[in-house]
Amino acid sequence: MYKTAAKQNGARNEMHKPIKYVEKAAVTAAKGVWAVFDSLNRIKPNPSPTPKWSDKPLLKSYEKSKPPLGWPRTTDSLCPKCVPEIRQQILDGELPHEILLNEKVGEIKAQIIERDGKILMVKDCPRHGHFEDVMSIDAEFTKHLEDVFPGRDIRAHNDEKLHHHGSSTVKYGRGSVLTIDLTNRCNMMCDPCFMDANQVGFVHELSWEEIKAMLDNAITIKPRRQMSVQFSGGEPTLSPYFLDAIRYSRKVGYNSVQAATNGIEFAKSLEFAQQAVEAGLRYAYLQFDGIGNAANAHRMVGNLFDVKLKAIENLHKAGCEIVPVITIVNGINNEQVGRVIKFALDNPKTISFLSFQPVSFTGRDEAITEERRVAQRYTLSHLAHDVKSQTGLGEPARDWFPISFMGTFSDWADLMHANDPNNNWGQLSCGCHPNCGTGMAVMIDKETKEAVPVTAFLHGDQLARDIAKVNDAARGKFLTAFGMALCLMKNYDPFQSPTHFKLMDLLKKFDKNYNVTGTNYGKVGPDRTIDDVMKRRTTDRWNFLFIAGMWFQDLFNYDFRRTEQCIIPYATQEGEISFCAYNTGVGWRNIIEKMHMTATLTKWYEEHGRHEIFAGGKKVKMEKQHVDYLKLREEIVTNELQRDLDKLGIAKNAREEKKRARDARLQASEAAPPPSARGPQKSDEAYNARMAALYREVVLKEKPVQSQDGFIPLGALAKPNGNGAPTAKPEVAEPVAGD
């Protein structure tokens with residue numbers, strides 16, 4: 001365990017300084033003042049203001065709507081078999097993509113239920129039968145997340161030109177991270193990969209005019225909240241417009257520019273990292289699957305962990321903040337959760353945010369077998385429990401909150417700055433569904449490395465309820481700020497906070513994040529300089545480590561109530577689309593990239609040549625690493641592959657699964673009797689069944705089979721090919737390592 005165990009069992013109480021007792025008295029006094037303040041504050045509350053960045057007033061806490069929560073409950077979902085069929089027909093030109101805008105094709109009802117302490121999604125398709133999947137292994141944990149969900153954000157308005165995607169339309173807020181895929185080209189061949197990079201047979205790469213149009217269009221939506229812009233791909237650094245896109249984003253007012261990257265180009269060149277930061281890059285969302293090359297071996301790059309360390313070194317030296325992004329697959333790297341957190345705790349001046357992303361079975365993994373899906377499924381509840389068991393940090397039902405929980409604090413900051421004539425943007429607001437994302441904040445002493453969950457010494461549930469009362473009163477700036485200070489003080493427990501942490505540190509930390517007093521801690525806006533970066537890093541002994549989990553949907557657990565609250569929309573030539581609707585769901589990515597493809601792979605190679613791809617164990621050449629830049633304890637480095645799935649005899653990825661299927665077919669064909677000894681072929685049976693259905697519909701005028709509520713199963717629209725099966729996606733040759 002880490003340095004937290006002693007604090008959590010109270011053994012460190014002997015170390016309390018007299019200041020802790022003084023602070024306890026201040027907390028008691030704050031509770032008394034709050035009782036008076038709250039009583040007076042409820043008298044004739046003011047109407048909510050309408051800031052210049054919204055055409056609608058700010059919502060009071062009781063005006064916020066919520067989707068159906070708890071269980072059992074019913075929601076709208078998708079059939080995992082129907083959707084790929086209709087998507088392929090659209091890609092083949094047999095159906096117009098507008099069918100996705102005007103009809104509920106492929107949609108079926110799903111039930112969210114509890115069984116044996118787990119939360120499941122169960123659903124039935126009239127054609128393909130029963131499906132079920134685990135959403136949580138801890139019902140109490142999930143109930144806590146839903147109970148503290150503050151409600152939906154303001155409904156998006158002035159957005160008709162960008163939000164028009166049928167059932168997949170984003171309806172609430174305007175997101176928090178606008179994602180723009182600059183290219184579908186990548187310099188790796190990963191498993192898993194939700195976009196199937198380098199495998200689709202064509203290049204989709206945005207032009208400069210398309211990039212500018214997407215950035216300009218996004219800021220026309222109301223409420224005009226301050227969004228981060230994340231350039232992604234493929235690998236965004238391969239785009240010739242990568243630096244220009246960062247520069248233009250800051251120019252038009254985006255506060256935070258990010259890159260979702262594998263880090264290879266940054267590891268190769270400190271100069272490139274410096275150029276990116278000078279252009280305005282603030283965060284690198286760095287693919288990071290574990291500690292040690294063995295923990296990253298499934299990505300098939302020989303020295304990938306060394307690449308990550310070098311990328312972190314170069315980016316941090318250049319002034320960029322690093323967010324390791326860990327795709328967690330059960331049986332592949334779930335044992336790395338604690339190791340990654342310990343690495344971050346050992347390097348608090350360099351890493352302040354971790355983003356764990358439980359695997360989404362889409363892209364290369366959409367056709368996953370049920371056996372592998374059950375074995376590899378990993379949920380947010382798995383994450384909370386793995387953090388506790390592997391590090392000793394946090395209680396799942398006390399210290400983890402939905403990401404949308406921060407909406408109450410964003411509302412407070414919006415109220416504080418609502419009447420500022422120079423305030424053209426609202427606060428960053430993460431108003432996603434409580435099943436989408438969760439997080440735990442840990443306060444770290446940069447000097448002693450002591451770490452304590454914030455909600456161990458700051459009562460999160462009650463704090464949010466108190467702040468909501470301050471927000472609902474909608475008083476002036478002074479009373480709103482004073483009310484927040486009382487909320488923080490009355491909910492603070494000095495005897496559970498880190499040894500050297502003081503109440504004033506809490507207030508200062510809050511001021512630094514929300515700019516209450518106007519103190520200059522180092523600018524974060526478009527005019528931010530490297531001096532501002534260093535000032536924010538060096539003037540604060542305390543560091544928040546935010547451990548977040550973001551669980552993207554796939555066809556087996558898809559919920560349209562989540563889609564409509566998406567906070568990570570994709571900007572495309574066809575408008576802004578929910579992250580999950582784009583990458584999973586009906587699969588808008590495949591359709592839009594094909595509609596707007598730049599060139600076939602062959603033509604692209606003829607005109608531009610082949611970019612280098614690191615696969616098959618190939619190593620990345622880079623400068624020698626500074627071994628003393630990051631602390632790396634030998635005991636957390638993984639030197640052997642995780643073998644859980646090997647012991648179970650289960651394939652580890654889609655390629656291995658396909659190989660096993662091919663081998664099985666080959667063995668079956670070799671062992672099969674000659675055709676004369678066999679009965680009718682299955683393909684003939686399928687064809688005859690389709691012909692019979694067509695006869696009943698066309699000749700006998702019987703209605704085609706429909707699911708409940710009139711939803712049309714996508715498969716009912718499928719057209720048979722010569723053997724009665726839907727047209728298959730053509731095989732695409734895999735690039736050779738080094739191409």
Side-chain angles (χ1 to χ4, degrees), residues 59-78 107-123 132-156 167-173 176 358 379-384 396-411 429-440 455 460-465 467-468 548-554 556-568 578-581 585 709:
L59 293 176
K60 295 185 183 293
S61 64
Y62 51 82
E63 294 175 329
K64 292 190 174 186
S65 64
K66 294 184 179 182
L69 298 173
W71 47 83
R73 70 175 186 261
T74 302
T75 191
D76 298 314
S77 188
L78 291 166
E107 294 187 28
I108 57 176
K109 292 294 184 181
Q111 306 296 319
I112 311 295
I113 65 171
E114 180 179 354
R115 183 195 300 160
D116 300 327
K118 298 177 181 179
I119 306 302
L120 306 176
M121 175 179 282
V122 297
K123 52 189 177 181
E132 63 179 55
D133 210 334
V134 175
M135 296 182 64
S136 172
I137 60 170
D138 184 345
E140 182 185 2
F141 167 80
T142 304
K143 182 178 186 302
H144 164 69
L145 296 184
E146 295 190 356
D147 285 346
V148 298
F149 172 58
R152 294 169 170 139
D153 198 1
I154 304 174
R155 284 192 72 99
S167 298
S168 299
T169 300
V170 178
K171 298 179 181 178
Y172 297 91
S176 60
T379 70
L380 297 174
S381 57
H382 283 89
L383 175 63
R398 183 197 69 185
D399 297 319
W400 290 81
F401 289 81
I403 290 178
S404 48
F405 179 75
M406 294 306 297
T408 301
F409 298 85
S410 300
D411 293 344
S429 184
C430 300
C432 57
H433 192 285
N435 296 161
C436 289
T438 184
M440 175 176 67
T455 44
D461 300 36
Q462 186 59 50
L463 175 63
R465 288 193 289 267
I467 295 174
M550 199 72 188
W551 189 22
F552 301 118
Q553 302 180 86
D554 52 48
F556 302 95
N557 54 33
Y558 203 84
D559 184 346
F560 280 98
R561 300 295 79 74
R562 291 176 59 181
T563 303
E564 62 195 20
Q565 290 180 232
C566 181
I567 63 170
I568 318 176
S578 153
F579 186 101
C580 292
D709 299 308

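One-based numbering along the sequence shown.
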Trainee: Please check if the side chain of T408 supplies one atom and the backbone of A468 the other of a donor-acceptor pair under 3.5 Å.
Mentor: no
Trainee: Taking Q553 for the side chain and D559 for the main chain, is one N or O donor matched with an acceptor at less than 3.5 Å?
Mentor: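 Yes; judged by distance alone, with no hydrogens or angles, the pair exists.
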Trainee: Show the nearest heavy-atom pair for residues I567 and S429, with the distance to one decimal.
Mentor: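 Minimum heavy-atom separation between I567 and S429: CG2-O, 4.5 Å.
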Trainee: Please check if the number of heavy atoms outside K118 that lie under 6.0 Å from its NZ is greater than 12.
Mentor: no
Trainee: With sequence neighbours left out, write down each residue that passes side chain to side chain contact (heavy atoms under 4.5 Å, CB included) with N435, or none if nothing qualifies.
Mentor: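 N435 satisfies side chain to side chain contact (heavy atoms under 4.5 Å, CB included) with R73, M135, T142, E146, H433, R562 only.
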Trainee: Mind checking what makes salt bridge (charged side-chain N to carboxylate O under 4.0 Å, His left out) contact with D147, not counting sequence neighbours?
Mentor: K143
Trainee: Would you check if F560 and L78 make a side-chain contact, meaning some heavy-atom pair closer than 4.5 Å?
Mentor: yes
Trainee: Sequence neighbours left out, what passes salt bridge (charged side-chain N to carboxylate O under 4.0 Å, His left out) with E564? Give chain and number order.
Mentor: R152, K171, R561
Trainee: Who passes side chain to side chain contact (heavy atoms under 4.5 Å, CB included) against A384, sequence neighbours left out?
Mentor: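 By the side chain to side chain contact (heavy atoms under 4.5 Å, CB included) rule, A384 matches F141, P396, W400.
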Trainee: Grab the two heavy atoms, one from Y558 and one from M121, that are nearest each other, plus how far apart they are.
Mentor: O-CE, 3.4 Å
Trainee: Minimum heavy-atom separation for F401 and G460, please, with both atom names.
Mentor: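 Distance-wise, the nearest heavy atoms are CZ-CA, 4.1 Å.
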Trainee: Checking S404 now: which residues fulfil side-chain hydrogen bond (donor to acceptor under 3.5 Å, both in side chains) with it, not counting sequence neighbours?
Mentor: none
Trainee: Considering residues at least two apart in sequence or located in another chain, which fulfil the salt bridge (charged side-chain N to carboxylate O under 4.0 Å, His left out) criterion with R115?
Mentor: E132
Trainee: Nearest heavy-atom pair of E114 and A139: which atoms, and what distance?
Mentor: OE2-CB, 3.7 Å
